[in-house]
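Written below as structure tokens is the structure these notes are about.
So that the names make sense, note that chain A is the first sequence line, chain B the second, and so on, each numbered from 1. From a predicted model like this one, the values you see are computed outputs, not experimental measurements.
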Amino acid sequence: MNQQESRLTFRKSRRRRYAVKVRTRFAPSPTGNVHIGNMRAAIYNWLFARHMGGEFLLRVEDTDIERSTPEAIKALLDAMDWFGLDIDGEPLYQTTRQQAHLEAAEMLLAKGLAYKEDKGGTGQGECVIFKMPGTDSSFVDGIKGEMTKKAENMQDFVIVRSNGTPVFHLANVLDDIEQGITHVIRGDDHVENTFRHIALYKALGADVPNFAHLPMIVNAQGKPYSKRDGDAFVGDFRDKGFLGDALFNYLALLGWSPGDDREVMTRKEMIEAFTLERCQSSAAQVDLRKLTWMNGEYMLKLSREEFDAIAFQALETAGIDAEPEYAEKVFGLVRERVKTVADIVPMVGYFFTEDFEYDEKAVRKKLQKDGVVEVLNQVKEIFQSLEVFNEATTDKALHDFVETSGLGFGAVMAPVRIAVSGIQSGPDLFPLLAVLGRSRTIERIDRTIDQFLQ
RNA sequence: GACCCCUUCGUCUAGUGGCCUAGGACUCCAGGUUUUCAUCCUGGCAACACGGGUUCGAGUCCCGUAGGGGUCGCCA
């Protein structure tokens, strides 16, 4: 009922401004790190704007001179780029607006809607305080429905500090007016502010936009993300090997669903299906396992070229020098088994060095057993005698060997695999051998015998 | 403490009074496919916070309780 009511009212208020195009915005302060909670708000704003055929703007709230460095701004823009959040128009930098903010404060003062006072008698001088109208306030939240607050529960608040700088509330509202924002979609932590902001809009003689408040996202312990949760920044997810598209999709689904069973969705599908009414009003918990699964789905959707480019990049950062043609063959082997970008290097390491590690347990359980030396020696001879060494010939040769020797597949394949790769799991053995090549395969078998089976 | 908000499987969710013996996804478990691992296929475990109403009928509406969260800055 509540949902239905809110939907109606929300539509009605939009119809009133029928000629106005929907405009949303992302208004972060550039601090060098973008929290995924903020990024999710950006995603929802973007999705909503695109769904409505409207515009998505960026406003950089860079008034904190200490933290708002050019690097921080670049990091912010990079994060948006990584997610593919394209903006309409030029970003508005809040520092360029200070004069306008101050003039508006003067206007409110002149109209008697604000007053000056040394709040709390600090002796720091007088600040400008906005006078709340003294009436009950209510608005219809696009997600939460009807919200009300009694006059006695709302206090006057500072809009210009005694040092002459504008406070968030004033700047934020004024800039939203300047940018023509029709829908303010932001975190739940702003609901209380909304009552203040609505009063400001009215005092300023501006149309009050629609508001929608997104529930917070919480960590794996179900607690709010704090500064200590190291993995809450967008950059951390990138470092952990997640793809921007996958994180985007995952975050979009964290608090919203299309209403049917779709989960892995294209941008187009998400844009088409996205509505505020379908957003959840309770907090959502981040589940890295599901994110990892979804990332795997996106890794699978990558084209050969895209995957190779990513894999080369990963190799490069790991300091591994790779010959392109060979590396591409290796990538082809692991392409479908990788869940995150970070999985690649550990999975292909042994292809690029003779100095790879042997898994101790694998050596103990599969290699250091009676008869293994003989098996490896015979396999080596078979490989040496092969006219051509490729996937098909090694496959046939080993299968023949298994048959004639009367040994099980496992008794032959496992030792060979460990001898050439050091580990028990990996790509299909024969393609692996083919990529490795005959000489390397034989050398590795020899070395394994010397090292563990003498 | 005051004000506001939230509550369906472990997690993300579907559910707008009868279609719900509550559906899907991730995870986990079992079986199958596979030379290994992953994939893939099949099956399984698992939830309406609690208590009262309203109603012929409640996960869905109302009230209360409990739990959780947000806000109470000359931070944003």
To the nearest Å, give me how far apart [atom1] ([X]) and [atom2] ([N]) are.
| X | N | atom1 | atom2 | result |
| --- | --- | --- | --- | --- |
| R262(A) | C26(B) | CZ | P | 17 Å |
| D64(A) | A76(B) | CG | C1' | 9 Å |
| W293(A) | U13(B) | CH2 | C1' | 12 Å |
| D156(A) | C74(B) | CG | C1' | 14 Å |
| R278(A) | U16(B) | CZ | C1' | 10 Å |
| F331(A) | A38(B) | CZ | P | 23 Å |
| I418(A) | U35(B) | CD1 | C1' | 12 Å |
| K366(A) | U35(B) | NZ | P | 14 Å |

Using a 4.0 Å heavy-atom cut-off across all strands, classify [X] as base, sugar-phosphate, or nothing.
| X | answer |
| --- | --- |
| P427(A) | base |
| S425(A) | base |
| L429(A) | base |
| A284(A) | sugar-phosphate |
| T122(A) | base |
| N172(A) | nothing |
| H213(A) | nothing |
| G255(A) | sugar-phosphate |
| E61(A) | sugar-phosphate |

Rounding to an integer number of angstrom, what distance separates [N] and [M] when you compare their [atom1] atoms?
| N | M | atom1 | result |
| --- | --- | --- | --- |
| C5(B) | C41(B) | P | 45 Å |
| G68(B) | C50(B) | C1' | 15 Å |
| G70(B) | G18(B) | P | 36 Å |
| C9(B) | G51(B) | C1' | 23 Å |
| A25(B) | A14(B) | C1' | 11 Å |
| G64(B) | C29(B) | C1' | 41 Å |
| G1(B) | C62(B) | P | 26 Å |
| G43(B) | C26(B) | P | 14 Å |

Will you find, in the side chains of [X] and [Y], an N or O donor that is under 3.5 Å from an N or O acceptor?
| X | Y | answer |
| --- | --- | --- |
| T95(A) | D62(A) | yes |
| T393(A) | N390(A) | yes |
| T24(A) | Y44(A) | no |
| R417(A) | S421(A) | no |

Is the [X] ring parallel, tilted or perpendicular to the [Y] ring (thresholds 30°, 60°)?
| X | Y | result |
| --- | --- | --- |
| H213(A) | F211(A) | parallel |
| H35(A) | Y225(A) | perpendicular |
| F274(A) | F48(A) | perpendicular |
| F56(A) | F26(A) | parallel |

Geometric cation-pi criterion K301(A) and Y298(A), 6.0 Å radius, 45° cone: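 Flagged: K301(A) positioned over aromatic ring of Y298(A).
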With respect to the side chain of [X], which nucleotide from [options] is positioned closest?
| X | options | value |
| --- | --- | --- |
| L254(A) | C74(B), C12(B), A25(B) | C12(B) |
| S257(A) | C4(B), G10(B), A14(B) | A14(B) |
| Q285(A) | A25(B), C5(B), U11(B) | U11(B) |
| D261(A) | G24(B), U35(B), A76(B) | G24(B) |
| D118(A) | C12(B), C74(B), C5(B) | C74(B) |
| K290(A) | A76(B), A14(B), G24(B) | G24(B) |
| R289(A) | A76(B), G10(B), C4(B) | G10(B) |

B/S/- contact track for nucleotides 41-46 of chain B, protein heavy atom under 4.0 Å: ------
Protein proximity profile, nucleotides 65-73 of chain B - base contact B, sugar-phosphate-only contact S, no contact -, cut-off 4.0 Å on heavy atoms: ---SSBS--
Presence of donor-acceptor pair under 3.5 Å, side chain of S162(A) and base of C74(B):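 It does, because a donor-acceptor pair links the side chain of S162(A) to the base of C74(B) below 3.5 Å.
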OP1 or OP2 of [N] versus the side-chain N and O atoms of [X]: is any pair under 4.0 Å?
| X | N | value |
| --- | --- | --- |
| Q424(A) | U35(B) | no |
| R161(A) | A76(B) | yes |
| R335(A) | A38(B) | no |

Residue of the set L108(A), V128(A), D156(A) for which side-chain contact (heavy atoms from CB on, under 4.5 Å) holds with Y115(A):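 Going through L108(A), V128(A), D156(A) one by one, the side-chain contact (heavy atoms from CB on, under 4.5 Å) with Y115(A) is satisfied by D156(A) alone.
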Residues which pass salt bridge (charged side-chain N to carboxylate O under 4.0 Å, His left out) with K202(A), listed by chain and number, not counting sequence neighbours: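 Checked K202(A) against salt bridge (charged side-chain N to carboxylate O under 4.0 Å, His left out); zero matches.
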F242(A)/Y250(A) aromatic ring centres below 6.0 Å: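 No; Y250(A) has its ring centre 6.0 Å or more from that of F242(A).
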E152(A) atom CD: more than 12 heavy-atom contacts under 6.0 Å: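 Yes - once you tally the heavy atoms of other residues, nucleotides and ligands closer than 6.0 Å, there are more than 12.
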